[in-house]
Amino acid sequence: MITLDRLVNVLGGYGVRLCGRPEARSAWLRSVAMPDATDRPAAGDLLLAVGTTSIDEAVQWAAASRATAVLVRPAGSGADVERDAAALGDRHGVAVLLADPAVSWSQLAGVVYGLVLESRETASGRGPTDLFALADSLADVIGGAVTIEDRHSRVLAYSRSQQAGDPARLETILARRVPDRLRELFQQRGVFARLAATDEPVFVPADAEHGLTGRMAVAARAGRELLGWVWVTCERPLTGAHLRALADGARTVALHLLRSRASADLERQVESDLVIRLLEGSSDAETVISRLGLAPQPMRVIAVRAHTSDRHAALLLAFEQATTGFGWSRPARSALLGDTLYTILPAEQADAARQWITALHRELPAQVRVAAGISAPAEVAELPAARQEADECLALHESARPGAVPPAYDESWDDILLRRLRAAARTGRTPARGPVSTLLRHDTSHGTRFVDTLRAWLMSQGDLALAAEQLGVHPNTVRNRLRKMDELVPLDLNDGRKRLAMIIMLAAVEDEPRH
């Protein structure tokens, strides 16, 4: 069971587009059908109109089958065909998906059947609903309450019986992840370390203080790769048939998770390709935005880098978390480009982007540090420029003090400009014989504070008292320094253009501020 929106997002990579009926994107698809050789209408939420190139006929078949959507390979293409398809779909209450005739039915059917029947979603975002049935089956055999989690301790499925549960399990299910206090307890007891090192089930004794009854856990592993684990409540370590059932169940869970991940990786690739097209500049940006399921409204580009001992692993974890959950279940769309995670987020206010970054960081391991930059609001056609803005803000954040909030371009454009000036100064593009350069050399050689004094005077707009307060000296000291500077090199402080040029030069050569 998946949403039509999710199916459209994936099939978009095969040239399939949805015509009209955008409200149908939220519909759930539970079954797939093809026309029967008999006169009986095929039954299914999605009808594959194999055997016809007529949109009219395909829509009539779908209406007779009471299908939510129909996939058809039309004889022609173009805006007129899509307009006619949308009109027919609206008339019969059917969402029409038009496929590129160059794509074979076998290829389309393989993707559709794999997504609708195998890669099924849960309330937590993704993961086959078969896991819930498996959890129920294990609970019936073993006699305890079962919970299935991924390797980040997020809940994927759980058994319906709560009789053998405990407060810790209930809290985990409600939060859809293991609470931090329980994770710390399991880490202190070495539970996660043992699960990572062995395929053998591990017993965890009861802990009344944490609302925890006894339970056993076993890793769900594909080869050497840890995919998740299975937990079952029990008063004492399992033995015999119960222990074998738990071990067998973990192997079955691993197969389900591998199948689910394969589908998720396909969707991530499709999403990434579309996001990259927008960030690099696409002539059909409006179409690409529609295929991503985003409304054409002001958006912000977020650039993220994740830092840890293994930078690549941290970045991949961030990308996986950013793309967990599909279709309308999350507001943003993401892609990996080089060593940066880029996300397009419909948002007018920078705080919405910061909340997204905070939520992402919260889901990553504690040792991962996140730096991020946020563009100004941009229209669809402006996203390439927004990406550059996000990159500059990211560089600003990486040089900031720990704990600084991610900067947004529309709030930090002045810091960005000064950063550019300093970059230009480092390449030798500033005058070497101007007043500021001469005063800098004099300060270095004689230990004077001429540059600081000139900066204070300029920033206080010629107010001697204010400049003296900033420097911690008497106003006469400022006056005397200005006179000596003017003897060393003409300052022309009465010339507005000269004052502006000196302010720019001082900004270019001063040390970068720590935000």
Item checked: Aromatic contact, Phe186 with Trp231 (centres under 6.0 Å) -> yes

Next on the checklist: For Glu389, is there an ion pair with Arg387 - N to carboxylate O distance below 4.0 angstrom?
Outcome noted: no

Worksheet item: Is the shortest distance from a Lys or Arg side-chain nitrogen in Asp284 or Arg291 to a carboxylate oxygen in the other one below 4.0 Å?
Response: no

Pro346 and Pro331 have their tightest heavy-atom pair at CD-O, 3.3 Å

Please determine whether the number of non-hydrogen atoms from other residues, nucleotides or ligands lying under 6.0 Å from atom CD of Gln349 exceeds 12. no

Problem set entry | Stepwise side chain to side chain contact (heavy atoms under 4.5 Å, CB included) test for Val70 and Leu46 | CA-CA 6 Å; Val70 61; Leu46 174 65; 5.8 Å; no

Review point. Is there a side-chain hydrogen bond (donor to acceptor under 3.5 Å, both in side chains) between Gln321 and His152 once you walk through the steps?
Key: CA-CA 10 Å; Gln321 180 56 41; His152 303 302; over 6 Å; no

query = Got Val112 and Trp105 here, is their nearest side-chain heavy-atom distance under 4.5 Å?
reply = no

Given the options Ile289, Leu345, Leu278, Met299 meets side-chain contact (heavy atoms from CB on, under 4.5 Å) only with Ile289

With no hydrogens and no angle check, is any side-chain donor or acceptor of Glu348 less than 3.5 Å from a backbone partner on Pro377? no

- Classify the side-chain pair Gln355/Asp351 by whether it contains a donor and acceptor separated by less than 3.5 Å. no

Smallest heavy-atom separation, Ala168 atom then His210 atom, equals CB-O, 3.7 Å

Can Asp410 and Arg300 be said to form a salt bridge (charged side-chain N to carboxylate O under 4.0 Å, His left out), step by step?
CA-CA 11 Å; Asp410 46 327; Arg300 289 183 184 261; 3.1 Å; yes

### Query
Does the Arg189 side chain pair with the main chain of Pro205, one donor and one acceptor, at a distance under 3.5 Å?
yes

Sorted by chain and residue number, the salt bridge (charged side-chain N to carboxylate O under 4.0 Å, His left out) partners of Arg181 (sequence neighbours excluded) come out as Glu171

**Asked** Does a donor on one side chain and an acceptor on the other come within less than 3.5 Å for Ser153 and Arg177?
**Response** no

Check whether more than 12 heavy atoms from other residues, nucleotides or ligands sit under 6.0 Å from atom CH2 of Trp413, and answer yes or no.
no

Check whether Thr198 reaches the backbone of Leu195 with its side chain - one donor and one acceptor, N or O, closer than 3.5 Å. no

Item checked: Carboxylate-amine/guanidinium contact Arg354 Glu411, below 4.0 Å -> yes

So that I can tick it off, tell me whether Arg169 and Asp166 are bridged by a salt bridge, with the cut-off set at under 4.0 angstrom between side-chain N and carboxylate O.
no

